[in-house]
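Below is one structure; the comments refer to it alone.
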Amino acid sequence: MRSRIPLPEDRPWRVLGLMSGTSADGVDVVAVAVDPAAFPDGRPFRSLLGHHASPYPEALKAEVLAAASNHLDPAGLCILQRRLGDHHARAAADLCTALGLKPDLASLHGQTVQHHPAEGASLQLADPYVLAEALGCPVVWDLRRRDLALGGQGAPLVPLPERWLRGTEPWLALNLGGIANLAYWDGARLHAWDTGPGMSLLDLAARRWLGQAFDPGGAAASGGVHDGLLARWMRHPYFQQAPPKSTGREVFGGAWLEEEAAALEALPLPDRLATLAAFSAEAVAHEAARLAPLALGTRGLVSGGGALHGRLRSELASRLALPLADDTTFPSGAREAVSWALLGAASALGVAGNLPEVTGATRPVALGSWVWP
């Protein structure tokens with residue numbers, strides 16, 4: 001396939017993928033080799049050349065969380081766009097320097113601070129011009145809004161790259177980021193959507209009651225589950241809505257925890273965290289039940305920060321019939337960045353990066369806007 005922009009035709013492309021997830025803890029940058037001629041066969045990924053995780057400084061993370069909680073004014077959002085661009089650019093340049101690599105293109109997700117699919121709107125911040133100047137290569141960014149313009153959710157977009165990466169046998173992949181999402185390939189069709197909270201509420205609770213950015217390993221979530229609270233939370237309208245659907249911190253984030261704080265603070269601290277872990281797990285199980293029965297031989301895989309939370313994993317194991325194995329194909333945090341690199345390469349070729357049956361868009365389309373160095 002021929003690229004729509006000037007890119008090498010005699011070798012695999014060196015593509016950077018930059019992903020900042022709903023956990024809002026930093027940016028993961030990967031460099032991958034992509035064979036542009038292999039997109040029609042669905043196996044364009046060739047190799048992972050390198051991975052670098054760059055956590056946000058505490059002040060930057062606080063600004064991101066404030067933006068997601070509607071506590072940042074327009075001036076603050078404007079400045080945050082640049083600060084995130086600077087952070088992403090440094091992270092990408094550090095990886096390229098370490099690898100001695102000159103990328104052919106970069107695919108920038110940016111940091112989601114607002115996501116309102118019912119209004120056809122989503123906002124990911126990180127200045128792409130700063131990144132293009134730092135790398136000296138074309139940058140594709142803002143990949144979600146084309147799907148939204150066509151009536152889609154703008155999410156999830158990683159299921160198609162997951163299909164390119166995982167092969168043809170049936171699989172179910174659960175990603176436990178800030179917001180949890182599942183993707184299921186039944187051997188013929190992809191099904192994917194956000195299940196609800198992953199680590200967003202647990203991490204906010206750790207900040208509020210432990211004075212920590214997160215609860216390492218879920219050690220503090222050692223109490224009992226308050227069934228009454230859990231039942232009430234599961235009556236949230238999101239769980240009554242059929243896919244296609246997606247959600248974010250504006251639904252399951254700081255405002256939600258503030259509303260529930262009094263009820264939670266009536267419980268011992270270990271019970272608060274255990275009940276929040278059970279909420280994330282129950283939401284996954286409730287949404288996964290829409291897929292029953294699963295195809296024979298389906299593999300279950302789990303990734304994301306929540307895969308390291310012992311209590312969340314045990315709550316999932318008690319609710320899901322399908323065992324979930326750790327997804328170790330890529331280093332922790334790298335998988336979604338690899339997917340974003342593939343979506344960027346697809347955009348360069350004019351290959352559609354969305355799946356209408358997943359997002360609800362009226363048609364498949366190439367995604368993103370381009371910035372030139």
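Heads up: numbering here begins at 1 and tracks the sequence.
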Nearest 0.5 Å please: distance from the [atom1] atom of [X] over to the [atom2] atom of [Y].
X    : Y    : atom1 : atom2 : answer
L174 : N181 : CG    : CG    : 7.5 Å
F214 : R207 : CZ    : CZ    : 11.0 Å
L72  : Q114 : CG    : CD    : 10.0 Å
L7   : C137 : CG    : SG    : 9.5 Å
R313 : L324 : CZ    : CG    : 6.5 Å
L84  : L131 : CG    : CG    : 12.5 Å

H191, R189, E162 screened by side chain to side chain contact (heavy atoms under 4.5 Å, CB included) with Y184, the one that passes: H191
Does [Y] offer a backbone N or O that forms a donor-acceptor pair with the side chain of [X] under 3.5 Å?
X    : Y    : answer
W185 : T168 : yes
Q111 : G21  : yes
T22  : I179 : yes
R43  : P40  : no
S347 : L343 : no
S47  : L49  : no
S200 : F252 : yes
H226 : L229 : yes
N354 : V365 : yes
D104 : V15  : no

If hydrophobic clusters are built from ILVMFWY residues whose side chains come within less than 4.5 Å, do [X] and [Y] share one?
X    : Y    : result
V358 : L143 : yes
F330 : L16  : no
L342 : L108 : no
W193 : M199 : yes
L123 : W340 : no

Heavy-atom closest pair, residues [X] and [Y]:
X    : Y    : value
D327 : S303 : CB-CB, 4.1 Å
V225 : T275 : CA-OG1, 3.6 Å
S339 : L165 : OG-CD1, 4.1 Å
P138 : P373 : N-CD, 3.7 Å
G333 : D28  : O-CG, 3.1 Å
A361 : D147 : CB-OD1, 3.2 Å

Heavy-atom neighbours of F45 CZ exceed 12 at 6.0 Å: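 Counting neighbours around CZ of F45, more than 12 heavy atoms of other residues, nucleotides or ligands fall under 6.0 Å, so yes.
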More than 12 heavy atoms from other groups under 6.0 Å of CD on Q240: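 Enclosed: over 12 neighbouring heavy atoms sit under 6.0 Å from CD of Q240.
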Step-by-step side-chain contact (heavy atoms from CB on, under 4.5 Å) determination, L291 to L182: CA-CA 11 Å; L291 299 169; L182 60 80; 3.9 Å; yes
Check: D326/T328 side-chain N/O donor and acceptor closer than 3.5 Å: no
The single option from R145, R144, R146 passing salt bridge (charged side-chain N to carboxylate O under 4.0 Å, His left out) against D142: R145
Taking the side chain as C-beta and beyond, is there a heavy-atom pair between [X] and [Y] under 4.5 Å?
X    : Y    : answer
E260 : R232 : yes
L257 : L264 : yes
S280 : L176 : no
P243 : Q153 : no
S20  : H88  : yes
R311 : L273 : no
V284 : R319 : no
D194 : S246 : yes

Verdict with reasoning, D94 to R90, per salt bridge (charged side-chain N to carboxylate O under 4.0 Å, His left out): CA-CA 6 Å; D94 286 347; R90 282 193 298 271; over 6 Å; no
Full working for side-chain contact (heavy atoms from CB on, under 4.5 Å) between W13 and L349: CA-CA 12 Å; W13 294 345; L349 292 163; 3.7 Å; yes
Chi angles and distances behind the salt bridge (charged side-chain N to carboxylate O under 4.0 Å, His left out) call for E58, K61: CA-CA 5 Å; E58 190 58 34; K61 180 169 184 174; over 6 Å; no
Cation-pi check, R272 onto W209 ring (under 6.0 Å, within 45° of axis): yes
Worked verdict on R249 versus T112 for side-chain contact (heavy atoms from CB on, under 4.5 Å): CA-CA 9 Å; R249 283 180 173 270; T112 300; over 6 Å; no
Geometric class of the H236/F239 ring pair [parallel <30°, tilted 30-60°, perpendicular >60°]: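 Perpendicular: the ring planes of F239 and H236 meet at over 60°.
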Parallel, tilted or perpendicular: rings of W233 and W256 (30°, 60°): perpendicular
Intermediate values then yes/no, side-chain contact (heavy atoms from CB on, under 4.5 Å), L355 and T359: CA-CA 6 Å; L355 289 170; T359 68; 5.7 Å; no
